[in-house]
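Lettering of chains follows the sequences in order, A, B, ..., and the numbering in each one begins at 1.
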Number of protein chains: 2
Amino acid sequence: MMGGEKETTIYDIADKLNISAATVSRALKDHPRVNKNTKKLIIKTAAEMGYRSNSFASNLRKKSSNIIGLIVPRLNSNFMSDVIAGIEKVLNNNGYNLFISQSLETMTKEISNANAMLVNRVDGLMVSLAYDTTNIDHFEPFIKRNIPIIFFDRVFEQDACPQIYIDNYKAGYEITSHLIKQGSKRIVHITASQLRKVYADRLAGYRKALEDNGIEFNDDLVIINNLSSEAGHEAANHILQMDPLPDGVFSANDICAVSCMQTLKKNGISLPADMAFAGFNNDPLTCVIEPNLTTINYKGYEMGEVAAKQMISRLMSKDELEPAHSLILKYELIVRESSLRGNHNSPNNTLNEPQS
Amino acid sequence: MMGGEKETTIYDIADKLNISAATVSRALKDHPRVNKNTKKLIIKTAAEMGYRSNSFASNLRKKSSNIIGLIVPRLNSNFMSDVIAGIEKVLNNNGYNLFISQSLETMTKEISNANAMLVNRVDGLMVSLAYDTTNIDHFEPFIKRNIPIIFFDRVFEQDACPQIYIDNYKAGYEITSHLIKQGSKRIVHITASQLRKVYADRLAGYRKALEDNGIEFNDDLVIINNLSSEAGHEAANHILQMDPLPDGVFSANDICAVSCMQTLKKNGISLPADMAFAGFNNDPLTCVIEPNLTTINYKGYEMGEVAAKQMISRLMSKDELEPAHSLILKYELIVRESSLRGNHNSPNNTLNEPQS
DNA sequence: CTGTTAGCGCTTTCAG
DNA sequence: CTGAAAGCGCTAACAG
């Protein structure tokens, strides 16, 4: 930097106190084998001299950065910000810092983010994949170097890396079954890239629920887009073209569900009478849209915590042989008006059916 | 790291090619005075050997990190994620990386974030302040070292640092004037900590608009909270206690406005007939709530870009004397049904009145 | 165009 | 409990 005065180093402190740099280094790290008093004095002097530790030198020497990288598709969802808060809490408690970046749902950006993480020598990497990521070659350099990677939510099936997620198959099954119980027979499923297991699993659950209820799967009822708000409006227009109209919609996220509902309503569809609706994620939006949206709730904060704890435990165990330990977290189905049509063909009408 | 094989260094490459490390270093940095062919060879060999540059060593040597720190109150708003995308684009184009952290609206966390940034030796810092930050002592070490700081949106009045924001006074004035034109006379203002100039300015604009329209300012109509969704519900309950009821509400953000509207509606208040509503930020929520919410729109992406460009220009100019250059960005009032009551006491009824 | 050299500031044996 | 010394990997004069 251009700043006038020189940065003070441990040598400056050592000189001033007529001791060695080694002792200063130890004192600053609160090493046990340093005299209590000198330690106190060193810390005081360091503060007075405006000392700041030089992490470059320290990292260079230690060959570790105490930084964990995080790559997520987007930052701007409630879910993701909860995840991050959870991760940060656990990492900070363990003396690690977080280096966050977003792939904006493209593999290209994800690759360049991964490279930045590699060059900046993160000690570990936490990842939720972009829609269009087809392979994880860009993470190979980490795996090769034994830098732990944890996948969460949008995971990749990779034996070497722990994965934290929810049972999307089961959730898809439950939510579809619920719609069927409410009388829907012709159910549209809006989802995203089937490259991501999250979405493939939800679709599979949807299919199985149809099958178990004697409803034939119809490819034309599956809409694949990017689950954005705009995509929801388009999906609605698509749905309006269908003949006959569907009587239920299960969207793989809430944002898309909500904008889809808006457009349908504007076009005279009455919800849930004409069409039952369900989303996924329990975004705050679900309680603003009318009728309020039935959805799947799973705690981002907890997912963040769990993923970070996995990271810490991998970091601790130098033991390279420890197998990757994947975790499946809980979720709950939250039933709201958007799916309550009253005309059940089953006696089973629980208002809230938490996961068994 | 525990990883078995050693990391390859420029020396390994140099040895293999029987040249000096200096040349390798130059080639890898695309230094002009290196033979085209050797350069090509070096780059190829580096790739083959799985070389990754060691930023610790490089940064230590260069005394700069090419990392810009970013501290924001929260990540989970559309606005903030737009800002970040804008910042990232500009920084990446200029060879910088972004180190993001959130203060979660507390000064304590903001301080610890700032310290992490200091120790990790960011080359510059971009900040939007937490609600309860009363001073910026924690940024002094940066200023002292001539590490540029840019404040945006939630700025701090500090001569040494550029500030990027919108004219909140004017926006507050316009939105309040609009409500008055729509027939509101008893207008509640919901806002947050007056420590933040954004909110103080909006309040001041609100007061001035009242005054200019011959309406007396009433302290009891100002509600101060944290503008969260929960706070909105509470504000609604507070409003319901008022006697007489207000006939207009201007909330300093949309999230709070929306949840407030929800609770009021549940309690039989009809909007906008009984109460005209306006928010701030043009969050996607504004188009989901019914009636759609009148609000102020300003572009986060642009704010991010502008702020980052300021940063780059400060970084470029070693010239320490260049004065801080603050920028005031544009905004627009977006009028929607929530404030359209039809019973104007002024002939002026534009549906959309962009900033002059 | 290329090589030599001297550190950047810290941690960590190893010796006291 | 403390000190001496080596070296992490890279860059930037400087000298050819």
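Regarding contacts with the backbone of D:dT11, a side-chain N or O of B:Lys29 is found under 4.0 angstrom from either OP1 or OP2. Considering only side-chain N and O atoms, A:Lys63 lies under 4.0 angstrom from the phosphate OP1 or OP2 of D:dG9. For A:Thr23, a side-chain nitrogen or oxygen approaches OP1 or OP2 of D:dG3 to under 4.0 Å. One finds no side-chain N or O of B:Ser20 lying less than 4.0 angstrom from the OP1 or OP2 phosphate oxygen of C:dT2. Residue A:Tyr51 has a polar side-chain atom (N or O) positioned under 4.0 Å from OP1 or OP2 of C:dC10.
Contact annotation for B:Thr38: backbone-only contact, meaning every heavy-atom pair under 4.0 Å involves sugar-phosphate atoms and none involves a base. Within 4.0 Å (heavy atoms only), B:Tyr11 reaches at least one base atom of the nucleic acid.
Where B:Val34 and B:Leu60 meet DNA chain C, the nucleotide closest to each residue was compared, and B:Val34 sits on the side nearer the 5' end. Taking the nucleotide of DNA chain C with the nearest heavy atom to each of A:Asn54 and B:Arg26, the more 5' of the two is matched to B:Arg26. With DNA chain D read from its 5' end, the first of the two nearest nucleotides for B:Ile10 and A:Ala22 is the one closest to A:Ala22.
Between A:Phe156 and A:Phe151, the ring planes lie tilted relative to each other; the angle falls in the 30° to 60° range.
Per the geometry, NE2 belonging to A:His31 stands 12 Å off P belonging to C:dT11, to the nearest Å. Whole-Å rounding puts the A:Ile13 CD1 to D:dT2 P distance at 15 Å.
The aromatic ring centres of B:Phe56 and A:Phe56 sit 6.0 Å or more apart.
Closest contact between the side chain of B:Arg61 and the listed nucleotides D:dC8, D:dG9, D:dG3 involves D:dG9. Between D:dT2, D:dT11, C:dC10, one nucleotide has an atom nearer to the side chain of A:Ala57 than all others, and that is C:dC10. Among the nucleotides D:dC10, C:dT11, C:dT2, the one closest to any side-chain atom of B:Ser58 is D:dC10.
The main-chain N or O of A:Gln102 is found under 3.5 Å from a side-chain atom of A:Lys109 such that the two form a donor-acceptor pair. A donor-acceptor pair under 3.5 Å links the side-chain atoms of B:Ser65 to the main chain of B:Arg121, judged by distance alone.
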